[in-house]
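Following: one structure in structure tokens, then a few remarks.
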Amino acid sequence: EAKFSTSAKDTNDAFFAADTGAECALVNDKSTSNVFVSSPPQITCGGNNITVTKNPASLFWSFTVPALNNGGKGCAIVTIDKTNPLLTTVISKGHNNRSPSCVSSPNTVERQLEVRY
């Protein structure tokens with residue numbers, strides 16, 4: 001029972017981290033008229049200044065949202081795909097616990113959300 005309840009909590013933390021990352025991308029893209037189009041923007045998520053990087057060979061943007069969930073142990077890695085001018089895809093991978101760079105450890109639970117608009 002203890003292992004199951006811990007697993008459920010970790011899953012919830014990872015899911016809500018992924019949701020926060022996706023919402024961060026959406027609010028910044030929609031409220032500032034397609035912020036993910038030209039030079040890498042500086043965005044704000046949950047009071048944190050976030051640096052966005054761009055893949056030089058494509059229209060893929062990415063950023064990490066740190067310090068999510070209870071105790072600030074969760075994070076989200078977000079990718080925004082604008083290769084199709086008629087469709088934007090946001091992929092947010094939420095983690096229940098984090099290393100300083102949001103890299104998975106052996107006990108990390110990851111949940112992914114994908115949003116298209």
Determine the sole option in Ile77, Ile80, Thr51 for which the side chain to side chain contact (heavy atoms under 4.5 Å, CB included) test with Phe63 is passed.
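The single option meeting the side chain to side chain contact (heavy atoms under 4.5 Å, CB included) with Phe63 is Ile80.
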
Looking at Asp13, Asn96, Asn12, which one forms a side chain to side chain contact (heavy atoms under 4.5 Å, CB included) with Val109?
Asn96

Could you give the distance from [atom1] ([X]) to [atom2] ([Y]), rounded to the nearest 0.5 Å?
X	Y	atom1	atom2	result
Arg111	His95	CZ	NE2	10.5 Å
Asp81	Trp61	CG	CH2	12.5 Å
Thr88	Leu26	OG1	CG	9.5 Å
Thr64	Lys93	OG1	NZ	11.5 Å

With sequence neighbours left out, the residues meeting side-chain contact (heavy atoms from CB on, under 4.5 Å) with Glu114 are Thr89, Ile91, Gln112, Arg116

For Phe15, does its backbone N or O pair with a side-chain atom of Asp19 as donor and acceptor, under 3.5 Å?
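Checked: no pair found.
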
side-chain contact (heavy atoms from CB on, under 4.5 Å) assessment of Val52 paired with Ile43:
CA-CA 7 Å; Val52 179; Ile43 62 173; 3.9 Å; yes

My understanding is that a hydrophobic cluster links ILVMFWY residues whose side chain heavy atoms are under 4.5 Å apart, including indirect links. Using that, what else belongs to the cluster containing Leu87?
none

If every non-hydrogen atom of [X] is compared with every non-hydrogen atom of [Y], which pair is closest and at what distance?
X	Y	value
Ala18	Ser92	O-OG, 2.7 Å
Val65	Gly21	CG2-CA, 4.3 Å
Pro66	Cys75	CA-CB, 4.2 Å
Ala25	Val78	CB-CG1, 4.0 Å
Gly94	Ala17	CA-CB, 3.9 Å

Under 3.5 Å, is there a donor-acceptor pair between the Ser62 and Thr53 side chains?
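Distance-only check passes for Ser62 and Thr53.
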
Under the side-chain contact (heavy atoms from CB on, under 4.5 Å) rule, what do Leu68 and Phe16 come out as? Steps first, then yes or no, please.
CA-CA 9 Å; Leu68 299 174; Phe16 286 117; over 6 Å; no

With sequence neighbours excluded, tell me which residues meet side-chain hydrogen bond (donor to acceptor under 3.5 Å, both in side chains) with Thr108.
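Only Asn97, Ser105 meet the side-chain hydrogen bond (donor to acceptor under 3.5 Å, both in side chains) criterion with Thr108.
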
